[in-house]
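Take a look at the structure set out below.
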Amino acid sequence: MRFLENPDNFDTLSVVFSRSTRFGRLQGVKCALAGRNLYMRFTCSTGDAMGMNMISKGVQHVLDYLEEDFPDMDVVSISGNFCSDKKSAAVNWIEGRGKSVVCEAIIREDVVEKVLKTNVQSLVELNVIKNLAGSAVAGALGGFNAHASNIVSAIFIATGQDPAQNVESSQCITMLEAVNGGRDLHISVTMPSIEVGTVGGGTQLASQSACLDLLGVKGANRESPGSNARLLATVVAGAVLAGELSLISAQAAGHLVQSHMKYNRSRKDMSNSAAC
């Protein structure tokens, strides 16, 4: 641990890490101890790729290098769950993982009343009681929102991301407050661990590639590596904000069950649709 945390050794570790990748760059190593066990959390930049495989290869090189210098070191696994991948964990909520995004908007009072069929004060009150206090009562970890995972899952499947990473990517806190003298609504979503890429994996599938192209983020950005993936993360956060506003408004107005009953797909006559 002392060797890894010594800044004088970082350049060497960075060179060793980069042996297997043109785009991956080591940015730091965070260590945690549990008895005789050392857990290392590698922070890396990965261009426009989500980058898990890229990072794994680089980390393997570092582990091989460390084993040469520390012969009594026993590598139990390349992953010790300190990452923490595909699991809800405080380390991702606090330290971030993938892309960290804050998205905000101001909704005018007339839009709240005419379109959302409610009022600013009701929305602010509901958010505090439901998304903040209610989630705290439930002991939520990163789940201080109405239904962020619905939106994240849909976009992940549509754009070829790893659906299992919806777990940490959906960590979100939704904040609502009255602004402009209490007339208008300020809404924000803070998402510290959105894991997306625009190259590699499922992004190469035809339908998923078409969706990325539609969003203007397909493939790698040659002029500014990583900017396509960052833009896709902002798209995810923006869509989550819209979904939060919609559901919270439906609940504040008492329209949720009514809407489900009206638009529930099981109630539709699908025979005509099939014929078309």
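All figures in this text were calculated on a predicted structure; none of them were measured in a lab.
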Closer than 3.5 angstrom, by distance alone: can the side chain of [X] be matched with the main-chain N or O of [Y] as a donor-acceptor pair?
X    : Y    : result
N145 : A148 : yes
S246 : A242 : no
Q161 : G197 : yes
R97  : N92  : no
T234 : L231 : yes
S135 : G143 : yes
R36  : L33  : no
T203 : G200 : yes
D184 : E109 : yes
S100 : P192 : yes

Would you mind reporting whether [Y] and [X] have side-chain heavy atoms less than 4.5 Å apart?
X    : Y    : value
S56  : I78  : yes
I151 : V236 : no
L232 : L212 : yes
L185 : L245 : yes
V124 : V120 : yes
M50  : Q165 : yes

To the nearest 0.5 angstrom, please state how far the [atom1] atom of [X] sits from the [atom2] atom of [Y].
X    : Y    : atom1 : atom2 : result
N221 : S227 : CG    : OG    : 3.0 Å
N228 : E223 : CG    : CD    : 10.5 Å
T174 : H147 : OG1   : NE2   : 8.5 Å
T12  : N6   : OG1   : CG    : 10.0 Å
R25  : T43  : CZ    : OG1   : 15.5 Å
T46  : N53  : OG1   : CG    : 11.0 Å

Any idea which heavy atoms bring [X] and [Y] closest together, and the distance?
X    : Y    : result
F17  : G24  : CE2-C, 3.9 Å
M73  : V75  : CE-CG2, 3.7 Å
F156 : S169 : CZ-OG, 3.4 Å
C31  : M1   : CB-CG, 3.6 Å
F10  : L26  : CZ-O, 3.2 Å
M54  : A49  : CE-CB, 4.0 Å

Answer with yes or no whether the hydrophobic clustering places [X] together with [Y]; edges join I, L, V, M, F, W, Y residues whose side-chain heavy atoms lie under 4.5 Å apart.
X    : Y    : result
M40  : M52  : no
L176 : F144 : no
V199 : I194 : no
I187 : L126 : yes
V16  : I55  : yes

Can you tell whether the side chains of [X] and [Y] come within less than 4.0 Å, N to carboxylate O?
X    : Y    : value
K86  : E168 : no
E195 : K99  : no
D48  : R230 : no

Would you please indicate yes or no on a ring centroid separation below 6.0 angstrom for F3 and F70? yes
Verify the distance criterion only: is there a donor paired with an acceptor across the side chains of [X] and [Y] at less than 3.5 Å?
X    : Y    : result
N119 : S122 : yes
T159 : Q208 : no
K117 : S249 : no
S149 : N166 : no

Go through it in stages, so that I can follow the logic: the residues are V240 and M191, the test is side chain to side chain contact (heavy atoms under 4.5 Å, CB included), and I'd like the CA-CA distance, side-chain angles, deciding distance and then a yes or no. CA-CA 9 Å; V240 167; M191 306 180 69; 3.9 Å; yes
Go through it in stages, so that I can follow the logic: the residues are L13 and L4, the test is side chain to side chain contact (heavy atoms under 4.5 Å, CB included), and I'd like the CA-CA distance, side-chain angles, deciding distance and then a yes or no. CA-CA 8 Å; L13 294 174; L4 288 166; 3.7 Å; yes
Report the C-alpha distance between N37 and V76 in whole Å, list the side-chain angles of each, state the deciding distance to 0.1 Å, and finish with yes or no for side chain to side chain contact (heavy atoms under 4.5 Å, CB included). CA-CA 9 Å; N37 303 312; V76 177; 5.7 Å; no
Give a yes or no on this: more than 12 heavy atoms of other residues, nucleotides or ligands lie within 6.0 Å of atom NZ of K87. yes
Start with the C-alpha gap between R108 and R183, add the side-chain angles, then the distance that decides, and say whether side chain to side chain contact (heavy atoms under 4.5 Å, CB included) holds. CA-CA 7 Å; R108 297 194 315 270; R183 297 188 308 276; over 6 Å; no
Going by the side chain to side chain contact (heavy atoms under 4.5 Å, CB included) test, name the single residue among V102, N131, L132, V189 that passes it with I173.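 For I173, the side chain to side chain contact (heavy atoms under 4.5 Å, CB included) test succeeds with only one of V102, N131, L132, V189, which is L132.
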